[in-house]
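Single-structure report; data block below.
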Amino acid sequence: MSRFYVTTPIYYVNAEPHLGHAYTTIVGDALTRWHRLMGDDVKFLTGTDEHGQKIQQAAEAAGKTPQEFTDEVAPKFANAWDRLNIANDDFIRTTEPRHRTAVNELLQRCYDAGDIELDTYSGWYCVGCEAYYTEDELDEGHVCPIHKRPVEHFEEENYFFRLSRFQDRLLDWYAEHPDAIKPAHRANEALGLIKSGLRDFSVSRTTVDWGIPLPWDEDHVAYVWFDALTNYLSAVGFGDDSADYTDWWPVDYHLIGKDIIRFHCVYWPAMLMSAGVEPPKGYGVGGWLLVGGEKMSKSGGNAVNPLDLVDTTGVDGFRYYVLAETPYGSDGDFTYDGLVARYNADLANNLGNLAARVATVVGKKCDGVGPAPDPSSSLATAAADAYANTAKGWDDVAPSKALDATWSLIRATNAYLESNEPWKMEPGADVDRVMGDALEALRIVAVLAYPAVPETSQAIWERIGLSGEVVDQLLPDAATWGGYPGGLTVTKGDPLFPRITA
RNA sequence: GGCGCCGUAGCUCAGUUGGUCAGAGCAUCCGGCUCAUAAUCGGAAGGUCAUCGGUUCGAUCCCGAUCGGCGCUACCA
């Protein structure tokens with residue numbers, strides 16, 4: 001049994017969970033569910049980023065301490081993931097003691113390695129961005145181009161991480177691991193960043209209190225890089241003498257958005273190299289889910305609350321849509337019409353209706369008892385192809401391809417029924433053979449579709465009379481033709497995905 | 001300015017060493033079926049594979065240019 005460790009970014013708690021957060025988190029959940037079916041020992045981590053000036057200020061504005069403030073917001077993320085049926089194994093918060101332990105350890109190692117040094121930084125600082133700008137990056141009158149508010153001139157002593165020393169080591173590492181970043185075209189972007197030259201970056205602040213003090217200089221608080229990124233190590237016991245973080249490290253995939261490639265694919269591995277820690281094995285870089293063609297933002301007024309949509313399509317309908325609609329790595333455009341169209345076409349018409357028609361015919365022609373499949377059924381090859389391509393899709397961190405492959409078996413089964421017309425046959429061996437095949441296909445579909453639509457898979461599983469849980473199935477055996485035993489009671493039940501007509 | 005990407009059926013996109021590569025899904029139209037959530041199955045229509053040149057026996061897939069869309073990055077006075 002191999003281990004498989006996947007992370008999402010930790011989400012900054014200055015905003016409520018929105019569609020963008022949900023997208024990455026659902027991808028991670030589906031990917032890790034697939035690996036559990038493959039028999040891997042899986043750890044899926046998500047969490048919240050809770051330090052920094054913006055949180056401090058938001059807390060003050062709310063008349064709360066930062067800790068009180070984050071204690072109220074962090075559960076909103078955890079609850080949202082519960083609603084979306086996210087099976088994360090851990091939920092890390094950067095305000096936890098275990099995280100402070102790991103940050104201290106990582107900082108100290110880099111400091112001891114001589115890669116963190118004191119220097120002076122001066123420039124125009126935007127509180128909203130928590131970042132410095134050069135003169136020419138600002139709008140007229142020293143105004144932040146993003147927040148459209150005046151920036152402040154600061155000069156402070158900061159500790160700097162000597163990223164500039166790591167260019168060759170990073171290039172060498174990526175040369176030896178050409179498939180580390182998926183999809184491939186995103187890897188070119190990361191390499192471009194490295195080749196274009198690396199500047200040292202500031203890792204501490206003296207102007208902020210809400211954070212983790214540097215272990216060798218309490219006047220400084222760790223800035224976001226060493227704080228937030230380190231969560232991936234905190235959750236596996238880095239810096240904890242009673243644990244061995246290498247049980248899980250290096251991580252298999254950091255799932256990230258395309259906007260944070262630099263920090264995850266350049267800063268982070270360099271920090272780890274400095275500390276003598278293996279860089280991540282891989283990264284899955286997703287695009288943005290745009291709304292109306294524009295990046296979703298609170299201020300833009302187009303933020304979509306994923307939980308509102310669940311009421312329309314169900315949890316599985318929403319999960320399926322975000323996974324299937326957009327090729328991973330590309331930007332997607334979220335639209336309500338698109339959501340409904342895909343729900344109706346793939347879930348109501350294809351999958352849901354298939355389950356319904358099979359149950360009805362079994363009821364009418366087989367006395368409601370599911371027959372066993374034909375070992376040499378023509379559907380068996382469709383099932384084998386579906387499994388192979390579904391597996392490849394998940395291996396490539398390409399959910400839309402994986403699901404398309406799974407759905408190919410659903411389409412093949414609908415066609416199979418059409419060409420055999422069991423509803424025209426008299427009860428007997430011929431009907432049993434056809435319906436056994438259909439039930440077997442449905443069983444395999446339930447397993448293969450499980451990462452995307454876990455509740456539906458379990459429902460199908462039970463309706464065709466199988467006991468136990470889909471989550472406990474093991475691939476590839478569970479997708480091998482012939483697993484449906486026959487002799488089980490098949491029940492129809494309510495439509496799995498009622499068609500949306502509005 | 002530099003580096004890179006993209007522009008293939010109405011829509012979203014596949015096409016991984018140039019020779020059945022002109023495809024899939026959705027949408028449309030026609031037909032079949034009636035077990036099923038007016039679902040499903042089959043068929044058709046639809047593209048000079050952005051434009052113009054070049055290499056080649058032959059290019060969507062190689063090279064150059066142009067138009068259009070985009071990403072990252074660097075900025076001189």
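Chain naming here is simple, since letters A, B, ... match the order of the sequence lines and numbering starts at 1 in each. As the structure is a computational prediction, the values presented were derived from the model and not from experiment.
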Checklist entry - Within the structure shown, what part of the strands sits under 4.0 Å from A:Arg262 by heavy-atom distance: base, sugar-phosphate, or nothing? => result sugar-phosphate

Whole-angstrom distance between [N] and [M], as gauged at atom [atom1]:
| N | M | atom1 | value |
| --- | --- | --- | --- |
| B:rG15 | B:rA27 | C1' | 22 Å |
| B:rG10 | B:rC57 | P | 35 Å |
| B:rG69 | B:rC30 | C1' | 38 Å |
| B:rC11 | B:rU51 | C1' | 23 Å |
| B:rG42 | B:rC5 | C1' | 40 Å |
| B:rC63 | B:rC26 | C1' | 37 Å |
| B:rC49 | B:rG18 | C1' | 14 Å |
| B:rG47 | B:rA24 | P | 15 Å |

Next on the checklist: Does the protein touch nucleotides 34-43 of chain B at the base, only the backbone, or not at all? Give it as B, S and - per nucleotide, heavy atoms under 4.0 Å.
Outcome noted: SBBB-SBS--

Nearest-Å distance for atom pair [atom1]/[atom2], residues [X] and [N]:
| X | N | atom1 | atom2 | answer |
| --- | --- | --- | --- | --- |
| A:Leu403 | B:rC26 | CG | C1' | 16 Å |
| A:Asn389 | B:rG15 | CG | P | 13 Å |
| A:Glu325 | B:rC11 | CD | P | 15 Å |
| A:Leu193 | B:rG4 | CG | C1' | 12 Å |
| A:His264 | B:rC72 | NE2 | P | 17 Å |
| A:Leu191 | B:rG71 | CG | C1' | 15 Å |
| A:Asp259 | B:rC70 | CG | P | 18 Å |
| A:Asp346 | B:rA27 | CG | C1' | 14 Å |

Checklist entry - Near A:Lys401 NZ, under 6.0 Å, is it more than 12 heavy atoms from other residues, nucleotides or ligands? => result no

Checklist entry - Can you tell me if CG on A:Asp367 sees more than 12 non-hydrogen neighbours from other groups inside 6.0 Å? => result no

Pairing nucleotide - [N], Watson-Crick or G-U, each distance under 3.5 Å:
| N | answer |
| --- | --- |
| B:rC72 | B:rG2 |
| B:rU34 | none |
| B:rA24 | B:rU12 |

Next on the checklist: Check the orientation of A:His35 and A:Phe4. Use parallel for under 30°, tilted for 30 to 60°, and perpendicular for over 60°.
Outcome noted: parallel

Next on the checklist: Does the plane of the ring in A:Phe161 sit parallel, tilted or perpendicular to the ring in A:Phe201? Use 30° and 60° as the thresholds.
Outcome noted: tilted

State, without any angle test, whether [X] and [Y] hold a side-chain donor-acceptor pair at a distance under 3.5 Å.
| X | Y | answer |
| --- | --- | --- |
| A:Tyr267 | A:Arg262 | no |
| A:Thr25 | A:Tyr11 | yes |
| A:Arg499 | A:Asn353 | no |

Checklist outcome for this item: Walking RNA chain B from its 5' end, the first of A:Ser330 and A:Asp404 to be reached, judged by nearest nucleotide, is A:Ser330

Item to check | Minimal non-hydrogen separation, A:Ala478 against A:Gln473, with atom names | outcome: CB-CB, 3.8 Å

